[in-house]
Amino acid sequence: MRRIEVAGVEQGVSQLVHGSMMLNVDRMDYTHELLDAYTAVGGNAIDSAHIYGASAAQAIGAWMEARGNRSEMVIIGKGAHPYEQSRMTKTCIQSDLLESLERMKTDYVDIYMLHRDDPNVHVGYILEGLNDQIKAGRARALGASNWTVARIQEANAYAAKNGLIGFVCNSPNLALARPNEARWAGCVSTTAADEAWHEQSQLPIISWSSQSGGFFTDRFTPENRDDVDMVRVNYSEENWERKRRAGVLAEKYGVTANHIALAYVLNQPFPVAAIVGPQKPSELLDSVKALPVILTAAERNWLNLVTETV
């Protein structure tokens with residue numbers, strides 16, 4: 001499996017990143033089955049977050065301990081998620097990370113991300129808190145999850161000016177389907193302008209919900225409106241046309257429209273990895289089928305309705 005370069009992460013990050021919300025320390029046979037299948041196909045990165053709870057983190061830690069592979073894995077941790085109110089404080093940034101490390105029985109995460117932003121808090125204060133974690137050896141690189149490009153630019157400019165380590169990756173929703181609105185409060189999906197900036201800066205993206213929750217599978221049609229959230233977020237004439245076009249390219253490449261949707265994300269003109277959330281090894285192996293599909297710029301533009309012909 002190809003890996004993308006992320007500053008501060010020596011191993012690089014595999015293009016498919018395994019999610020962790022389905023993991024459970026009380027179901028370690030299941031955890032072993034999923035994560036063993038993932039590493040067997042060349043995956044090396046696991047996405048975690050303090051808000052995902054103790055059991056998922058403990059399962060990751062128990063698996064790494066059993067396999068003796070902590071140094072081989074790239075663990076992404078996320079913290080300071082707002083619950084009822086903003087938690088963008090140095091105390092929360094540190095306490096969430098410390099508790100996550102304890103749960104996973106490890107001394108560090110490879111990438112520590114802030115799960116949401118609070119634009120009312122100055123980037124200098126935030127970066128100082130994050131750099132404290134770098135200096136303490138608890139994190140090796142920093143990322144932003146669901147931050148706007150403007151705030152990332154502001155933060156990295158401040159870091160450069162003040163001798164601090166800035167964000168080396170961004171984790172928004174990047175997908176072929178363009179959402180009508182955020183799936184969850186505070187979430188950020190990329191715009192064309194964001195993607196142009198990533199192409200210019202080459203700052204890597206680690207995308208969540210890259211396949212739009214299964215929108216490109218056969219489960220969803222314009223007539224099927226049972227999934228209220230899917231209808232709210234992804235049902236639009238433009239997205240149905242994107243899905244139709246994905247089906248056309250799927251026939252060309254001998255895959256499914258869902259594979260084309262994932263290939264669209266992974267074939268951007270800047271480094272991209274995609275977080276996937278397989279519930280069983282067969283679902284992971286299905287996502288792997290998208291990796292050999294190399295889309296041209298013309299095909300990507302056609303899929304995204306930029307051009308009428310390919």
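In the model, N24 has a side-chain atom that pairs as donor or acceptor with a side-chain atom of S55 under 3.5 Å. Side-chain polar atoms of Q94 and Q133 form a donor-acceptor pair below 3.5 angstrom. Side-chain polar atoms of N69 and W63 form no donor-acceptor pair below 3.5 angstrom. In this model, no donor atom of one side chain and acceptor atom of the other lie less than 3.5 Å apart for Y112 and S100. A donor-acceptor contact closer than 3.5 angstrom links the side chains of R242 and N304.
Between the side chain of R70 and the main chain of G61, no donor-acceptor pair closer than 3.5 Å is present. Within the 3.5 Å criterion, the main-chain N or O of M230 finds no donor-acceptor partner in the side chain of N234. The closest donor-acceptor contact from the side chain of R151 to the backbone of E154 lies at 3.5 Å or more, if one exists at all. Here the side chain of N267 pairs no donor or acceptor atom with the backbone of I294 at under 3.5 angstrom. A donor-acceptor pair under 3.5 Å links the side-chain atoms of D194 to the main chain of T191, judged by distance alone. No donor-acceptor pair closer than 3.5 Å links the side chain of H18 to the backbone N or O of I46. T31 places no side-chain N or O within 3.5 Å of a backbone atom of L23 that could act as its donor or acceptor partner. No donor-acceptor pair under 3.5 Å is formed between the side chain of Y253 and the backbone N or O of P292. Between the side chain of N239 and the main chain of P179, no donor-acceptor pair closer than 3.5 Å is present. Distance alone, capped at 3.5 Å, is enough to place a donor-acceptor pair between the D96 side chain and the A80 backbone.
Within a 6.0 Å radius of CD in E181, more than 12 heavy atoms belonging to other residues, nucleotides or ligands are found. Counting non-hydrogen atoms of neighbouring residues, nucleotides and ligands closer than 6.0 angstrom, the CD atom of E241 exceeds 12 such neighbours. Counting non-hydrogen atoms of neighbouring residues, nucleotides and ligands closer than 6.0 angstrom, the CG atom of D107 reaches no more than 12 such neighbours. Shown here is E5, whose CD atom has no more than 12 heavy atoms of other residues, nucleotides or ligands within 6.0 Å. More than 12 heavy atoms of other residues, nucleotides or ligands shown are found within 6.0 angstrom of CD on Q202.
The aromatic rings of W184 and W208 sit tilted relative to each other, their planes meeting at an angle between 30° and 60°. Between F167 and W147, the ring planes are perpendicular. Angles over 60° get that label, and only those under 30° would be called parallel. Note on ring orientation: taking the six-membered ring where Trp is involved, the planes of F215 and F220 are parallel (angle under 30°, cut-offs 30° and 60°).
Between H32 and R67, the closest side-chain pair of non-hydrogen atoms falls below 4.5 Å. Taking the side chain as every heavy atom from C-beta outward, N131 and L142 approach each other to under 4.5 Å. Using a 4.5 Å heavy-atom cutoff, the side chains of M1 and V41 are in contact. Using a 4.5 Å heavy-atom cutoff, the side chains of L34 and P281 are in contact. Side-chain atoms of I152 and L203, non-hydrogen and from C-beta on, do get closer than 4.5 Å to each other. At a threshold of 4.5 Å between non-hydrogen side-chain atoms, the residues E238 and R178 do not count as touching. Side-chain contact between T106 and I75 is absent, with no heavy-atom pair separated by less than 4.5 Å. Looking at heavy atoms from C-beta onward, L130 lies in side-chain contact with L114 at the 4.5 angstrom threshold.
Using a 4.0 Å cut-off between charged side-chain N and carboxylate O, E199 and R300 make no salt bridge. A salt bridge is absent between R245 and E299; no separation between the charged side-chain nitrogens and carboxylate oxygens falls under 4.0 Å. A salt bridge links K105 and E65; the closest N-O separation between the charged side-chain nitrogens and carboxylate oxygens is under 4.0 Å. A salt bridge does not link R87 to D118: none of the charged side-chain nitrogens sits closer than 4.0 Å to a carboxylate oxygen. In this structure, E99 pairs ionically with R103, as a charged nitrogen and a carboxylate oxygen lie closer than 4.0 Å.
With M73 as reference, T39 is the one residue of L35, T39, D110 to meet the side chain to side chain contact (heavy atoms under 4.5 Å, CB included) rule.
Looking at every heavy atom in both residues, R3 comes nearest to Q11 through NH1-O, 3.0 Å. Smallest separation of non-hydrogen atoms from G137 and Y108: O-CB, 3.3 Å. Heavy-atom minimum distance, D47 versus S20: O-OG, 2.7 Å. Between K243 and A257, the closest heavy-atom pair is O-CB, 4.5 Å. The nearest pair of heavy atoms linking A175 to S212 is CB-OG, 3.5 Å. Heavy atoms only, all atoms of each residue included: L262 and A290 are closest at CD2-CB, 3.8 Å.
Between the CZ atom of R2 and the OG atom of S14 there is a distance of 11.5 Å, given to the nearest 0.5 Å. For the atom pair CD1 (I275) and CG (L174), the distance works out to 11.5 Å, reported to the nearest 0.5 Å. To the nearest 0.5 Å, atoms OG1 (T190) and CG (N173) are separated by 6.5 Å. Remark: H81 NE2 to N146 CG distance equals 8.0 Å, nearest 0.5 Å. Remark: L176 CG to I260 CD1 distance equals 9.5 Å, nearest 0.5 Å. Here W240 contributes atom CH2 and T221 contributes atom OG1; the two are 6.0 Å apart, rounded to the nearest 0.5 Å.
In the hydrophobic clustering of this structure, W302 does not group with L305; members are Ile, Leu, Val, Met, Phe, Trp, Tyr whose side-chain heavy atoms approach within less than 4.5 Å, directly or through other members. Grouping the Ile, Leu, Val, Met, Phe, Trp and Tyr side chains by contacts below 4.5 angstrom, directly or via other members, places I76 apart from L284. Note: the hydrophobic cluster containing V188 does not contain I51 (ILVMFWY, side chain heavy atoms under 4.5 Å, direct or indirect links). Residues V6 and L164 fall into different hydrophobic clusters, defined by Ile, Leu, Val, Met, Phe, Trp and Tyr side chains chained together at heavy-atom separations under 4.5 Å. Taken together through direct or relayed side-chain contacts under 4.5 Å among Ile, Leu, Val, Met, Phe, Trp and Tyr, I206 and W197 form parts of separate hydrophobic clusters.
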Worksheet entry | Candidate pair T148 and Q153, rule side chain to side chain contact (heavy atoms under 4.5 Å, CB included), full reasoning | CA-CA 9 Å; T148 64; Q153 289 174 311; over 6 Å; no
Item to complete: Test H259 against S287 for side chain to side chain contact (heavy atoms under 4.5 Å, CB included), laying out the working first.
Response: CA-CA 7 Å; H259 295 135; S287 293; over 6 Å; no
Worksheet item: Stepwise, does the side chain to side chain contact (heavy atoms under 4.5 Å, CB included) test hold for C169 with M113?
Response: CA-CA 9 Å; C169 59; M113 296 185 176; 3.7 Å; yes
Item to complete: Start with the C-alpha gap between V109 and M104, add the side-chain angles, then the distance that decides, and say whether side chain to side chain contact (heavy atoms under 4.5 Å, CB included) holds.
Response: CA-CA 10 Å; V109 293; M104 290 189 282; 4.1 Å; yes
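Between Y158 and H122, the ring centre distance stays below 6.0 Å.
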